[in-house]
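First the structure, in the form of structure tokens, and then the observations on it.
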Amino acid sequence: MSDFVIVGAGIVGAACARALADAGADVTVVEDRVIGGGATAAGMGHLVAMGDELSAYSLDLWHSLAPRLPAAAEFSNCGTLWISEGELPADSSAERLDAKQLYELEPNLRPGLAGGLLSRRDAVVYAPVVTRWLLNGIRVVRPPVPAAKKTIYACGTRTSEYFPELALRPRKGHLAITDRYPGVARHQIIDIGYIQNAQGDAEESVAFNVQPRPSGQLLIGSSRQYGAIHSGIDPHMMRQVFERAFHFLPALRDCNILRAWTGFRACTPDKQPLIGEYRENVFVATGHEGLGITTSLGTAAVLAALLLNRQPPVPAAPYHPRRFDG
Amino acid sequence: MFDIAVLGAGPAGLAACRAAAGKRVVLIDDNPSHGGQIWRGELAISIPDHVTFHPSTRVFDLRPGFTLHTDTQGVISAAKLIVCSGARELFLPFPGWTLPGVFGAGGLQAFVKSGLDVRGKRVAVAGSGPLLLAVGATLRKRGAKVSVIEQAPLGRLLKLLRAYPSKLPQAITMRLGLPMRTGTWPVRFDGKLHLSNGSALEVDYVACGFGLVPNTEAAQLLGCRLDDGFVAVDSKQQTSVAGVYCAGEPTGIGGLEKALAEGEVAGRAACGLATRPVSRRFVRDLIETYRLHPDLAALAKADTVVCRCENVTRGALDPFRSWRDAKLQTRCGMGACQGRICGPITQQLYGWTPESVRPPIVPVPAALFDQ
Amino acid sequence: MVELILNEKPVSVADGTSVAAALIAHAADFAPLCGMGVCMACRVAIDGRPHQLACQTLCRQGMRVCST
């Protein structure tokens, strides 16, 4: 019997498996589809500090890990450029840019923006490759889930298939990718309203978010929808995503779109993940909303600490899986 | 709103248009003129008067209702749809297949018909399928020195001819003056084309294709059921989606006559007229005749490129067990062609099946998503 | 006849020639495959616009094509 069985070979499950295996435990991962093939593959791979301890700690871990990652992981310290048509938050720790500096960095942005915030430590990574790399040397099997001393469920929205009462809701997102157009954007550029959407509860919301890929392609997002179950493209959402994109980066209009797709973020009522013991010998690591890739490493460190009875590197209480009970 | 939209102005689409006389019909094709792809220039059918023809128009999305979202003609609505999207070539990789001078078989024919001068050029037309003879004949007419290399053994080819004697004159005409080798195939190109039987040909161009793959993406976007990779239709060419018909190669590779017959049935059925089912016998016989030799799946070496768009070699793909896994880990299929070329290759090499289809089914400028 | 510029070289082709056909004859590295707008190997910059399909574009007088 393994010490730990982890259900779900997405980046969260893989990171947890790695942390536990590196601590000497016997680990088995269960995956019924493709390694890193769920939300891990659908997402932008944006590594972003969002002002909370878990993402800040995780970003540090990513920077430590980066030199060891294979080239195909495409880790790029391109930073995040936050922009706004209104006010930018005054209390941000990011570097403040005036208009001149902003347009020097990103000349293709629409004119009339007063400035921006540059988070230099933010980065981008290609998550499916990292997921497979994290699982190097770790046993991955197909279902059924074998017995273990402790079982960890890290299946994103599909965790609800095992525990329907879990406070998880799928939150659908749309993305599109262009052909190669090097130089249209140099940083991941996001409308500051994105944060409000992510932390809010609107049934549908859209925020400008564009990421230049190392290939020269541009990844265009983003959207959030509750209550959508089918994974097809919703034309009205895709249209709004593009409207916002053209509004901030008009050059995108002429870029050929190669493909569009959707993904489902696992979302909790307070938008913080569920990390920890759910029932006796049953743990969960899910509910990361749009920060699963960023906080996968921090989640793994916290979860491993809880499982191995060590002090977690950041307080685990805010992520308690039962915090919504009663 | 049109009564009927016909997608594809090849033989099937043109026959469907002609059969739907009296209806308001719109005909859409991505080429500058009608006539289709693989059987280029062999058609004497003109566009009927009741048809609005939109050439050079690409459809990137299709939705229930039906609406066709195009790059140059905005959104077109129609009560019924007849999908006649034809087929593309199956390419199989072998060392040297990505070098300049190696084209598809239908590919080189297309280039020649749009101005490439092949007078005096030595061309090997290799691979499999009735298309090779047609391409060879075209090239010979344009002054090339052609030899045809068909992987199917001669016995099977003769058996097909005996079963379809009406095709004999056409076959003889094409075959005249065309040196042909059967039961052999390319194994390497390095300026010379090396064949599996040990011989090597001095050539200027290689025109190489191993059969046809149906273009089912438009039908799939509408939710039409596929059967073994082809669009499933009943005896009236109706798909699993009410109001959507399909005719020609997407329902089964059967060439010109099948396309014309099925197009007519689809056009008539869409008008509520009586029809008679089209035989599938030729489709089955073609499959049997041109069945690919198993060695063809093993020509690619570890360093032979499989995904041309992203430069992914066979060696990089071998470790994976599914299309999606390989795609996510190697970028195979993520390039501009979105797996249209490498997807069928991996199906031959590994038995992988492609993923579901999403719009846009062709690359189009983002501005069009504002429609 | 149509005169156009292929990779900085002036070239003359017959009316109705596709950019792909012209490039096959005049650009040694150009390696298109399918001839029907599917393989995307023939994408070139035409008059400054990138990613145009050479096989589906006819040569026009004065056109500037870059395939490198």
Side-chain angles (χ1 to χ4, degrees), chain B residues 10 29-33 36-38 40 55-56 58 85-91 97-118 121 135 204-205 207-209 213 215 217 305 308-310 335-342 344 361-365, chain C:
Chain B
D29 198 284
D30 57 348
N31 274 284
S33 61
Q37 301 287 0
I38 302 296
R40 250 169 223 261
S56 301
R58 317 191 88 201
S85 43
R88 59 189 186 273
E89 286 188 276
L90 172 67
F91 302 110
W97 80 294
T98 58
L99 291 172
V102 180
F103 310 95
L108 184 58
Q109 178 174 255
F111 297 129
V112 161
K113 290 191 173 181
S114 49
L116 181 67
D117 185 356
V118 288
K121 293 265 197 263
V135 170
D204 298 303
Y205 292 146
C208 192
V213 173
N215 293 326
E217 290 79 14
V305 166
R308 295 167 71 113
C309 295
E310 296 294 322
C337 94
Q338 290 292 295
R340 296 289 209 283
I341 302 301
C342 59
I361 55 174
V362 289
V364 288
Chain C
M1 298 299 278
V2 174
E3 276 95 32
L4 66 160
I5 319 263
L6 297 183
N7 297 327
E8 312 281 288
K9 238 179 23 182
V11 152
S12 192
V13 301
D15 278 11
T17 301
S18 71
V19 175
L23 281 167
I24 293 168
H26 291 100
D29 289 341
F30 186 65
L33 185 64
C34 77
M36 55 188 284
V38 170
C39 75
M40 303 290 160
C42 71
R43 277 138 70 237
V44 293
I46 297 182
D47 294 333
R49 285 200 87 199
H51 303 309
Q52 305 301 297
L53 293 177
C55 71
Q56 298 206 314
T57 311
L58 295 176
C59 294
R60 296 240 179 282
Q61 187 66 24
M63 198 181 245
R64 300 192 79 92
V65 178
C66 181
S67 71
T68 50

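Contact of C:Ala28 with chain B is made through the backbone alone, with heavy-atom distances under 4.5 Å. At a 4.5 Å heavy-atom cutoff, C:Val13 makes no contact with chain B through either its backbone or its side chain. Of the atoms belonging to B:Thr98, it is backbone heavy atoms, and not side-chain ones, that fall under 4.5 Å from chain C. In this structure, no portion of B:Val362 lies under 4.5 Å from any heavy atom of chain C.
B:Trp97 and B:Phe91 have tilted rings, their planes meeting at an angle from 30° to 60° on a 0 to 90° scale.
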Next item on the list: Take B:Leu108 and B:Leu116, measure what side chain to side chain contact (heavy atoms under 4.5 Å, CB included) needs, and give me the verdict at the end.
Entry: CA-CA 9 Å; B:Leu108 184 58; B:Leu116 181 67; 3.7 Å; yes

Next item on the list: Evaluate side chain to side chain contact (heavy atoms under 4.5 Å, CB included) for B:Ile361 paired with B:Arg340, printing each intermediate quantity in order.
Entry: CA-CA 10 Å; B:Ile361 55 174; B:Arg340 296 289 209 283; 4.0 Å; yes

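Nearest heavy-atom pair, B:Pro32 versus B:Pro55, reported as atom, atom and distance to 0.1 Å: O-CB, 3.4 Å.
C:Thr57 places no side-chain N or O within donor-acceptor distance of the main-chain N or O of C:Val19, the cut-off being under 3.5 Å. Remark: the backbone N or O of B:Gly86 is not paired with any side-chain donor or acceptor of B:Gln37 at under 3.5 angstrom. A distance-only check finds no donor-acceptor pair linking the side chain of B:Arg308 to the backbone of C:Ala41 [under 3.5 Å]. For the pair B:Gln338 (side chain) and B:Gly335 (backbone), a donor-acceptor distance under 3.5 Å is present.
Comparing C:Cys59, C:Ala31, C:Pro32 by heavy-atom pairs within less than 4.5 Å of chain B, the highest count is held by C:Pro32.
Contact residues of residues 61-68 of chain C toward chain B are absent (heavy-atom distance under 4.5 Å).
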